[in-house]
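Any value given below was found using the heavy atoms of this structure, including those in side chains, with hydrogens, waters and symmetry copies removed.
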Amino acid sequence: MLSTAPWSFIGCGPADPLDDPAGAHDHAFEASEPVAEAGLAAEANFASREILRGLSFPTRVVWGPDGFLWLTERVGKRVVRVRPSDGQKTTAVTITEAYQSGGQDGVLGLALHPDLLQGKGTDYVYVSYTYDADASSAVNRRTKIRRYTYNPTTQALGSPTDVITGLPGSDDHNSARLLIGPDQKLYYTVGDQGNNQFNRKCLPVGSQDLPTASEVAAKNWSKYAGKILRLNLDGSIPADNPQIAGTRSHVYSYGHRNPQGLTFLGSTLYANEHGPKSDDELNIIQPGKNYGWPHVAGYQDDQAYTYNNWSASSPTPCASLAWNDYTPPSSVPRQQESAWSHPDFAEPILTLYTVPNDHNFRDPACGSSAYICWPTIAPSSLHHYAAEPGIPGWEDSLLMTTLKKGAVYRVTLSATGDSVVGEPVVHFQTTNRYRDLAMSPDRRTIYVITDTQGNTSGPTGGATTALSNPGAILEFTYTGPN
């Protein structure tokens, strides 16, 4: 059985938090506290075990048509396959050229072609990773998406083909969720690169910047930070992508911070993303829409968040300032959310969690790791749980793994899928950092991968780096009534 205990999480962002706008929830729902009781009570209907541990920062996990779990190891720079029954692990490929520095870079996203092992000549596996584009001693991180061909005889990935190169890359907020949609297009999330915070405080956030036609023609993708991209499987720009500001590019939506989860329900695309100190978001992604970052976090309600633009500090230059996550120096411009407007702005259908302006972000329960107690859960993936067969009562919901809470949050959707019903329910809470999950074909077993190290909380709250199951695959199998 799994051990359970407290947890912690490596910081997620800058700025301040935010609350609930007057009249903003005619079409949206703001969660207050998750219904932990319901989730914990249901755990009696699950058997749990650790399949294996010692993985090198597993980042994405996908159930393969061969009955294996396919994973990327961010720091290990590998794609591996694990047999769930006994934890047998084989390496499909090691990507030696991937650049990994100890931050959030390395081998990242993973997507299996829907026709993998179907005898159709498309035994393709797509992987994203950061690389150093500078041949000198300097480091110039970029990200690429590469396609490999899987050989079931050798159980190895080969014939590498670069789908797209030169995407923004960083040691922070790469996002890197890679997904093949029902339209046979690649969807890929690019975070804001962690700009405007910590050691990148003097770099402006580019989430609102849009590529020009000349930049697209030159394959200059530098303005793709803070975007969700849509690509043809060969990396080209789909002809039906939205024209934004007069230019058609790979950009499908923009104004994002750190979207780490993507999933489809029919043709509807959902994404979640990390908030700064509050207001993790669950969004319905519509082509060409603007999701507000960095001007808005969560709802546009002037609650517990202002856009503090460190790069524009004047007269004191940003480089001479010390980072402060709570009170920026007077030279740093501060903007209320209501001071910004955009005709294509789209609000989330859920925030986790919105708080008032007087919220205390220095909870002594978390000591020097105060960010662990901030009203965010750090959602690290998003998966649609379809209708039956499966686990009774879970149909038509969204599952998200969380880094700070070491739990799976289940959010029930309305019949139309455009809003949230009730409160999120917490499942499988342990003292870990949950990075991603996969489901067995009958959806009665949930496989969760955990970070190898880092800060988290857990069932008892507070903050800790003592993870119960570091670098592991955890299995939760439903054993209850149908």
Quiz: residues 242-253 side-chain donor-acceptor pairs under 3.5 angstrom, not counting sequence neighbours:
unit_1, atom_1, unit_2, atom_2, d
Thr247, OG1, Ala213, N, 3.4
Arg248, NE, Ala239, O, 3.2
Arg248, NE, Asn241, O, 2.8
Ser249, OG, Val251, N, 3.0
His250, ND1, Tyr224, OH, 2.9
His250, NE2, Gly235, O, 2.8
Ser253, OG, His256, NE2, 2.8

(request) Report the distance from atom CD1 of Ile349 to atom CG of Leu413, rounding to the nearest 0.5 Å. (result) 6.0 Å
(request) Search all heavy atoms of Asn432 against all heavy atoms of Pro470 and return the closest pair with its distance. (result) OD1-N, 4.2 Å
(request) Examine the side chains of Arg81 and Thr90 and answer whether a donor and an acceptor come within less than 3.5 Å of each other. (result) yes
(message) Within the 4.5 Å heavy-atom criterion, are Lys405 and Val426 side-chain neighbours or not?
(response) no
(message) Strictly below 4.0 Å, N to O, side chains only: are Arg200 and Asp192 in salt-bridge contact?
(response) no
(request) Answer yes if the side chains of Ser170 and Asp172 hold a donor-acceptor pair under 3.5 Å, and no otherwise. (result) no
(request) Determine yes or no for a side-chain-to-main-chain donor-acceptor pair under 3.5 angstrom, with Glu281 supplying the side chain and Gly298 the backbone. (result) yes
(message) For a quick test of reading the model, state the closest non-hydrogen atom pair linking Tyr254 to Gln208 and the distance between them.
(response) CE1-OE1, 3.8 Å
(message) On a heavy-atom basis, which atom in Ser222 and which in Pro168 lie closest, and how many Å separate them?
(response) O-CG, 4.0 Å
(request) Verify, without hydrogens or angle tests, whether Lys77 (side chain) and Ala98 (backbone) share a donor-acceptor contact under 3.5 angstrom. (result) yes
(message) Nearest 0.5 angstrom please: Gln104 CD to His173 NE2, how far?
(response) 6.0 Å
(message) Under the criterion side-chain contact (heavy atoms from CB on, under 4.5 Å), I'd like the reasoning laid out for Leu178 against Leu186: C-alpha separation, chi angles, the key distance, then a yes or no.
(response) CA-CA 7 Å; Leu178 183 61; Leu186 277 173; 3.8 Å; yes
(message) If the test is side chain to side chain contact (heavy atoms under 4.5 Å, CB included), which one of Ile449, Leu399, Ile473 qualifies with Leu437?
(response) Leu399
(request) Examine Tyr131 together with Tyr99 and report whether their ring centres are nearer than 6.0 Å. (result) no
(request) Might you point out which heavy atoms bring Pro379 and Glu273 nearest each other, and give the distance in Å? (result) CG-O, 3.9 Å
(message) Do the side chains of Lys144 and Asp162 get close enough for a salt bridge, i.e. N-O under 4.0 angstrom?
(response) yes
(request) Scan residues 113-204 for pairs that pass disulfide bond (SG atoms under 2.5 Å apart), counting only residues two or more places apart or in two chains. (result) Cys202-Cys318
(request) State whether the side chain of Thr130 and the backbone N or O of Arg141 hold a donor-acceptor pair below 3.5 Å, judged by distance alone. (result) no
(request) Start with the C-alpha gap between Ile51 and Leu474, add the side-chain angles, then the distance that decides, and say whether side-chain contact (heavy atoms from CB on, under 4.5 Å) holds. (result) CA-CA 6 Å; Ile51 293 176; Leu474 309 181; over 6 Å; no
(request) Could you tell me whether Arg74 and Asp451 make a salt bridge, using a distance below 4.0 angstrom between a side-chain N and a carboxylate O? (result) no
Please tabulate, for the side chains in residues 264-272, all donor-acceptor contacts under 3.5 angstrom to protein atoms that are two or more places apart in sequence or on a different chain.
unit_1, atom_1, unit_2, atom_2, d
Tyr270, OH, Gly417, O, 2.4
Asn272, OD1, Gly261, N, 3.0
Asn272, ND2, Ser381, O, 3.0

(message) Are the side chains of His383 and Val408 in contact, using a 4.5 Å heavy-atom criterion?
(response) no
(message) Determine whether Gln286 and Tyr291 satisfy the following criterion, side-chain contact (heavy atoms from CB on, under 4.5 Å), listing intermediate values before the conclusion.
(response) CA-CA 10 Å; Gln286 303 175 66; Tyr291 290 81; 4.0 Å; yes
